[in-house]
Amino acid sequence: MLRYGNKKILVTGGAGFIGSHLCERLLDLGEDILCVDNFFTGTKDNIAHLLTHPRFELMRHDVTFPLYVEVDQIYNLACPASPIHYQFDPVQTTKTSVHGAINMLGLAKRTKATIFQASTSEVYGDPEQHPQKEDYWGHVNPIGPRSCYDEGKRCAETLFFDYYRQHDLPIRVARIFNTYGPNMHPADGRVVSNFIVQALKGDNITVYGKGDQTRSFCYVDDLVEGFIRLMNAPNEVTGPINLGNPSEFTILQLAELVICMTGSSSRVIYEPLPQDDPVRRQPDISLARETLNWQPTVTLEEGLQKTIAYFKKILEL
Ligand code: NAD
Ligand code: UDP
Ligand code: UDP
C-alpha cells in the first residue's frame, strides 16, 4: 500500500514541461516540493500558479554545481530535452547530464534519498530492434549532433547503476519516450508543439524528410503517473524501465491529425531530415505493465485536444 504526503521531494528541472506537471501532481498528493531549475528552457510561467502554495519552494540553481539540502526523494529531470535546445550548447548539455547526475547522486547518498532519473528512449539511438525493450543496448552515434544528449543520458544511467552497486543507493531509472502536453515551450522545435503552433497560425506545417519516420506519443499526465508509481515501487524495481505510449504514428499522420483537429488551412511542406534522426521509435512497455501495473490511458486525439487548447490560450488565439 503506497503512502503519500509529508515527504520532502526535490524536483530538478521542475520549471520545465514535464517537471511542472510533476510538481503539481506531487503537491496534490500532499508532498513538500523543492523545485530547482536554472530556467535554461523552463519558465516561471509553468509554475507561477504554484508559487504561493505553502508546500512549494522554488530555487534557482544549476545542477552542475553541488547542492546541499535535506530531502527524502529526488526526481532528476534537469536537462534540455528538445534537439534545438540541447544542441545550442552541447558541452553544457553533457555537463548537465553527467555532473548533474554526480551531484544529485552525491546528495542522495548523503541524505539516503531515493533518486529517480529521467532517462530517455534516445539511449537506444536509431534502433535496430523494434519495438525497443529495456535489454536492448542501443545504436548510438557517439560523435554526432545528438550525442551530447544521448551519451550524456547513457553516462548518467551508468552513474546511477554504479552508485546502486557501489553504495547501495535506491535508484529508479525511467526511459521516457516522446511526451507532449500543455506547458511545452512553443518554440522548442519538437514536433507536436511545432505542428500545433504552425496550424493555429496558419503557417506551413514543416515535415522533415518524407514524414514516414515514426514516433509514439505519450500524454504528460500518463507519464507523470508512471513516474510516481516507479518512484514508490519496492527498491528492487530499479529499472531501467520504458515509459511511453506504444501507439505508433508516422510524422505525416500526426501532421494530418493536427490540421484536421485545428480546422487549419495550413498545408504540409517538406524540409530536409536532420542528421541521425531515428527512423522508428516505439516502446515495449511490458515491464512497466507487469511491475508498475501502468499503461497510458489518454489517446492521441484526447491529448492533442488539451494541448491545442493550451497553445490557443498562450498564443491568445
Ligand atoms: P524541458 O526542457 O521543458 O525541461 C527541462 C528543465 O530542466 C527546464 O526547466 C530547464 O530550465 C531545466 N534545466 C536544464 N539544465 C539545467 C541545469 N543545468 N540545472 C538546473 N536546471 C536545468 O524538458 P522536458 O520535456 O520537461 O524534459 C524533462 C526531462 O525528461 C529531461 O531530463 C528530458 O531529457 C527527459 N525526457 C523528456 C522527453 C520528452 O518527450 N519530453 C523524452 C525523454 C526524456
Ligand atoms: N554533493 C552534493 N550535495 C550533497 C553531497 C554531495 O551536491 O549533499 C556533490 C558533491 O559535489 C560531490 C558529488 O555530489 O562531488 C558526489 O558526491 P559523493 O559523496 O558521491 O562523492 P565525493 O564527495 O567523494 O566526490
Ligand atoms: N519533426 C518534423 N517537423 C518538425 C519537428 C520535428 O518532421 O517541425 C520530426 C523530426 O525530424 C523527428 C520527429 O518529428 O523525426 C520527432 O521530432 P522531435 O524533435 O519532436 O523529437 P525526437 O526526434 O527527439 O524524437
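One-based numbering, in listed order, for ligands and for the atoms of each.
Atoms of ligand 3 found under 4.0 Å from any heavy atom of Arg146, numbered from 1 in the order shown, are 22 (P), 23 (O), 24 (O). Taking every non-hydrogen atom of Lys153 and a distance limit under 4.0 Å, the qualifying atoms of ligand 1 come out as 31 (C), 32 (O), 33 (C), 34 (O). Near Phe39, the atoms of ligand 1 lying under 4.0 angstrom from a non-hydrogen atom of the residue are 11 (O). Interface of Arg190 with ligand 1, defined as ligand atoms under 4.0 Å from a residue heavy atom, comprises 23 (O), 25 (O), 39 (C), 40 (O), 41 (N). Each of the atoms 39 (C), 40 (O), 41 (N) of ligand 1 lies under 4.0 Å from some heavy atom of Thr179. The distance from ligand 1 to the heavy atoms of Gly16 drops below 4.0 Å at these ligand atoms: 3 (O), 4 (O), 8 (C), 9 (O). Atoms of ligand 1 lying under 4.0 Å from any heavy atom of Gly42, numbered from 1 in the order shown and given with element: 8 (C), 9 (O), 10 (C), 11 (O). If you number the atoms of ligand 1 from 1 as listed, the ones under 4.0 Å from a heavy atom of Gly13 come out as 6 (C), 7 (O), 9 (O), 12 (C).
Ligand 1 is approached by Tyr149 to a heavy-atom distance shorter than 4.0 Å. At least one heavy atom of Pro274 sits closer than 4.0 Å to an atom of ligand 3. In this structure, His85 does not count as a contact residue of ligand 1, since none of its heavy atoms falls inside 4.0 Å of the ligand. Within the 4.0 Å heavy-atom shell around ligand 1 one does not find Gly100. The closest approach between any non-hydrogen atom of Pro278 and ligand 3 is not below 4.0 Å. Taking 4.0 Å as the cut-off, Asn178 counts as a neighbour of ligand 1 on heavy-atom distance. The shortest separation from a heavy atom of His61 to ligand 1 is under 4.0 Å, placing the residue in contact. A heavy-atom separation below 4.0 Å is found between Ser119 and ligand 1. Ligand 3 lies within reach of Arg281, whose nearest heavy atom is under 4.0 Å from it.
Not a single N or O atom of Val36, backbone or side chain, sits closer than 3.5 Å to an N or O atom of ligand 1. Geometrically, ligand 1 and Asp37 share a nitrogen or oxygen pair separated by less than 3.5 Å. Residue contacts with ligand 1: Ile176 is placed with no nitrogen or oxygen under 3.5 Å of a nitrogen or oxygen of the ligand (distance criterion only). Any N or O atom pair closer than 3.5 Å counts here, and Thr206 shares at least one such pair with ligand 3. The shortest N/O to N/O separation between Phe40 and ligand 1 falls below 3.5 Å. At under 3.5 Å, not a single nitrogen or oxygen of Ser121, backbone or side chain, sits near a nitrogen or oxygen of ligand 1. For ligand 2, the polar-atom distance check against His167 finds no nitrogen or oxygen pair separated by under 3.5 Å. Considering backbone and side-chain N/O atoms, Pro80 never comes within less than 3.5 Å of an N/O atom of ligand 1. Between Ala78 and ligand 1, a contact under 3.5 Å exists for no N or O pair.
If you look at Lys109 next to ligand 2, the close heavy atoms, those under 4.0 Å, all belong to the side chain. With a heavy-atom cut-off of 4.0 Å, Ile102 touches ligand 2 through backbone and side chain alike.
Ranking the protein heavy atoms by distance from atom 2 (C) of ligand 2 puts Leu67 O, 3.5 Å first. Distance from atom 18 (P) of ligand 3 to its nearest protein heavy atom, with residue and atom name: Val191 N, 3.9 Å. If you check which protein heavy atom lies closest to atom 1 (N) of ligand 3, you get Tyr208 CD1, 3.4 Å. For atom 11 (O) of ligand 3, the nearest non-hydrogen atom of the protein is Asp277 OD2, 2.7 Å.
Note on ring orientation: taking the six-membered ring where Trp is involved, the planes of Tyr136 and Tyr124 are parallel (angle under 30°, cut-offs 30° and 60°). Ring geometry, Phe116 versus Tyr75: the interplanar angle falls from 30° to 60°, so the pair is classed tilted.
Between atom 19 (O) of ligand 3 and the options Gly211, Pro83, Ser216, the minimum heavy-atom separation is to Pro83. Atom 8 (O) of ligand 3 has its nearest heavy-atom neighbour, among Asn194, Leu273, Leu252, in Asn194.
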